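Predicted model, so just to flag it, every value in this text is computed and none were measured. Labels below follow one simple rule: chain letters A, B, ... track the order of the sequence lines, proteins then strands, and each chain is numbered from 1.
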Amino acid sequence: MNKKVRVRFAPSPTGGLHLGGVRTVLYNYLFARKHGGDFVLRIEDTDQTRFVPGAEEYIYDCLEWCGLSPDESPLKGGPFVPYKQSERKSGYKKYAEQLVAAGHAYYAFDTPEELEHMRNAYRVDAHSTAQYDKNTRTKMRNSLTLSAEETKTLIENGTPHVVRIKVPENQTIVCNDMIRGVTQFDSNLVDDKVLLKADGMPTYHLAVVVDDYLMKITHAFRGEEWLPSAPVHMLLWDYLGWKDEMPQWAHLPLILKPDGNGKLSKRDGERLGFPVFAMKWHDPIKNETTSGFREMGFLPEAFINMLAMLGWNDGTGTEIFSLQELVEKFSIERVHKGGAKFDFEKAKWFNHQYIQNKSAAELVPLVRPYMPEAHAGADSSLLEQVIGLIKDRCSLLKDFWVQGSFFFETPVITELQAVKDKWSDTKKVFFEQFAAALKTTTDFNHAALEQMFGTMATEAGLKKGDVMLPLRIMLVGGKFGPGVFNIVEVIGCDEACKRIALAIDALA
RNA sequence: GGCGCGUUGGUCAAUCGGCUAAGACGCCUCCCUUUCACGGAGGAAUGACGGGUUCGACUCCCGUACGUGCUACCA
């Protein structure tokens with residue numbers, strides 16, 4: 001066990017990269033970095049019926065945005081090219097045949113109709129379907145029931161056929177998992193999975209073990225949904241004669257939906273108003289676009305940090321970790337066994353922390369893409385000033401616009417009624433005088449302005465508190481935002497006077 | 001249905017036999033702030049159930065319940 005650590009993330013490019021997928025990438029990445037190993041990205045596109053244009057490129061983009069770039073991939077290349085299973089197609093057949101020759105697999109010629117019939121005919125009760133296994137394979141059309149001659153003829157005639165593993169009877173198959181410890185399976189309950197499909201492509205089961213072997217993978221991390229098929233993989237490692245090279249397994253817990261039960265899905269995100277994909281995904285087949293964490297205004301570091309904590313912690317209570325710190329602290333043994341419900345509020349909290357830890361200047365280029373087009377080119381020093389004023393009330397990058405749009409455009413007043421209720425001629429006169437005073441004052445900074453405002457209010461026989469809120473609503477449009485006089489200082493005299501005048505008109 | 005996996009506050013979770021059960025998110029109260037936030041101080045809220053083992057069990061074992069995953073020529 002002193003081989004160089006090599007791990008892989010092996011997605012099937014069929015759509016957006018889901019939270020759970022990114023976390024699997026992350027744990028692979030952390031483990032590889034921690035142990036000075038290699039992180040491989042392998043594209044498992046063996047199902048040609050599920051090909052989705054753009055899905056592969058999307059994965060590369062996601063990993064890059066997350067800052068989790070692989071050392072070897074279809075894009076980058078590496079010592080074990082190609083890294084796409086569709087391009088490795090020709091390599092799998094010989095292993096399937098090797099298994100047939102050794103008596104660990106067989107050819108099966110059953111049509112979909114025949115399979116369907118078998119599943120119904122041999123089921124033990126109404127709730128289940130029969131498996132293709134030791135009980136039923138003797139009743140099907142395969143090289144176990146057909147003579148060698150018949151089998152040969154069928155194959156030579158080009159009869160569609162698959163290769164199935166011949167699962168042994170009465171064995172206990174043990175999977176030793178780094179997270180869960182020992183799990184045992186009764187081989188009598190494992191079915192004869194297809195290894196090589198009729199189109200010549202391997203199934204996942206054959207492809208993972210062959211490629212993990214060929215690519216010298218030492219540790220295989222994947223979602224918990226794979227645990228039930230682990231015995232098939234164990235058997236394959238054994239039958240192919242690679243038992244000593246078998247990677248160590250770790251089956252990661254699932255990420256569940258926040259409410260109710262079940263695995264988190266794209267639909268839940270839509271229903272509950274949060275993303276489940278890392279980045280925006282456009283499905284060219286269904287022609288629908290799904291927004292992602294990036295579009296929502298997450299910083300990749302925060303997104304990664306949040307994901308790391310969903311199912312793992314270092315035991316100290318620390319929650320904020322840089323990627324480098326995660327690399328140092330991460331250990332697969334501390335990953336939980338149980339699934340975690342995703343909590344979007346907590347996710348936002350992580351992002352808030354990261355935003356607060358950045359200076360306004362650092363935030364300028366990050367916030368800019370979330371500005372509406374008309375203001376995307378806003379002056380950087382203005383932007384920096386605004387960001388500095390509002391960042392502590394922003395959790396997402398897109399919050400900067402909702403919290404600060406009034407710095408850039410005259411707002412629509414949504415809370416006029418709150419002013420109107422207590423409006424008076426005295427106040428009207430006061431605000432007119434205040435606007436006039438703004439134009440002549442030489443000391444245009446928030447502290448001086450506030451003092452002037454207070455003094456004038458008193459002179460007009462008004463309480464400062466009675467005119468603060470009206471001023472805020474005139475300038476901001478609603479009851480929110482940073483200090484009113486900071487706002488006056490930033491938007492400047494002309495704009496402030498204009499908004500006051502506009503509001504006075506609206507109140508008339 | 002079968003098989004696998006899991007189960008500490010609403011959520012994420014610490015604990016690896018000594019618990020008066022950390023911490024974080026969220027929620028509530030108060031302070032700060034003549035707005036809303038931020039920040040500060042408090043608060044409510046937890047071991048699924050039943051048996052064992054043990055001086056002692058949230059921690060170990062066995063059942064039960066519940067949840068979840070798989071049960072495709074999909075991954």
Side-chain angles (χ1 to χ4, degrees), chain A residues 10-14 44-47 49-50 108 110-112 115-116 119 123-132 160-164 175 177 179-180 183-186 188-191 193-205 207-208 222-231 251 253-254 256 258-263 306 309-320 336-350 352 356 390-395 399 403 415 418 454 463-473 476 478-484:
Chain A
S12 186
T14 53
E44 309 224 330
D45 55 348
T46 55
D47 187 356
T49 66
R50 293 216 297 169
D110 317 281
T111 63
L115 289 171
E116 180 66 20
R119 290 190 180 108
R123 68 169 86 187
V124 289
D125 61 71
H127 303 285
S128 63
T129 59
Q131 299 194 121
Y132 205 120
H161 63 280
V162 301
V163 175
R164 284 179 182 272
C175 176
D177 187 286
I179 296 172
R180 293 157 207 279
T183 302
Q184 301 191 341
F185 300 88
D186 177 354
N188 294 325
L189 271 10
V190 177
D191 65 328
K193 286 268 184 275
V194 170
L195 302 178
L196 203 66
K197 300 186 257 193
D199 64 2
M201 276 287 192
T203 58
Y204 172 82
H205 304 104
V208 245
R222 52 165 35 162
E224 186 186 338
E225 67 268 27
W226 289 109
L227 197 49
S229 52
H251 290 90
L254 265 15
L256 308 168
D259 63 332
N261 304 302
K263 204 158 59 153
M306 176 275 290
M309 302 311 289
L310 213 56
W312 174 87
N313 67 75
D314 75 343
T316 67
T318 306
E319 294 190 279
I320 302 297
H336 293 175
K337 299 182 179 78
K341 288 185 181 174
F342 176 65
D343 180 2
F344 189 55
E345 290 305 319
K346 186 73 186 242
K348 282 198 291 195
W349 175 82
F350 275 102
H352 185 258
Q356 302 324 308
I390 63 175
K391 76 166 188 171
D392 59 3
R393 62 194 71 215
C394 294
S395 291
D399 290 344
Q403 290 293 332
E415 309 238 22
K463 278 190 280 186
K464 187 182 167 197
D466 292 336
V467 277
M468 284 290 281
L469 189 64
L471 178 59
R472 167 173 299 282
I473 290 172
V476 173
K479 299 181 201 171
F480 67 98
V484 232

Filtered N/O pairs between nucleotides 32-34 of chain B and protein, under 3.5 Å:
unit_1	atom_1	unit_2	atom_2	d
B:U34	N3	A:G465	N	3.1
B:U34	O4	A:G465	N	3.1

Ring pair (Phe, Tyr, Trp, His ring centres under 6.0 Å) filter on A:W226, not counting sequence neighbours, yields A:Y204

What one should report as the nearest heavy-atom pair of A:H251 and A:G223 is CD2-O, 3.7 Å

Figure out the CH2/P separation between A:W349 and B:G26, and round it to whole Å.
-> 9 Å

Between B:A75 (C1') and A:D199 (CG): distance, integer Å | 14 Å

Residues A:D343 and A:K341 bridged, charged N to O under 4.0 Å = no

State whether the number of non-hydrogen atoms from other residues, nucleotides or ligands found under 6.0 Å of A:K197 atom NZ is greater than 12.
-> yes

Let me know the distance between CZ of A:R123 and P of B:G2, rounded to the nearest Å.
-> 15 Å

Hey, does A:H336 have a side-chain heavy atom less than 4.5 Å from the side chain of A:N313?
-> yes

For nucleotides 39-49 of chain B, which of its nitrogen or oxygen atoms have a protein nitrogen or oxygen under 3.5 Å away, and what is each distance?
none

Which parts of nucleotides 9-14 of chain B does protein reach within less than 4.0 Å, heavy atoms only, written one letter per nucleotide 5' to 3' as B for base, S for sugar-phosphate only and - for none?
-> --SSSS

For B:C73, take OP1 and OP2 only and decide whether either is under 4.0 Å from a side-chain N or O of A:R119.
-> yes

Pair assignment for RNA chain B - dot-bracket with | for other-strand partners, Watson-Crick or G-U under 3.5 Å | (((((((..(((.....[....))).(((((.......)))))....(((((..]....))))))))))))....

Base, sugar-phosphate, or nothing: which does A:F185 touch, judged by heavy atoms less than 4.0 Å apart?
-> sugar-phosphate

Span that lies between the P atom of B:G9 and that of B:A14, in whole angstrom | 12 Å

Just jot down the ring pair (Phe, Tyr, Trp, His ring centres under 6.0 Å) partners of A:F185, sequence neighbours excluded, or say none.
-> none

Please determine if A:R50 and A:D47 form a salt bridge, counting it only when a charged side-chain N lies under 4.0 Å from a carboxylate O.
-> yes

Short side-chain donor-acceptor distance under 3.5 Å, A:T316 and A:T318 | yes

Is a side-chain N or O of A:R472 found less than 3.5 angstrom from the main chain of A:P482, in a donor-acceptor match?
-> yes

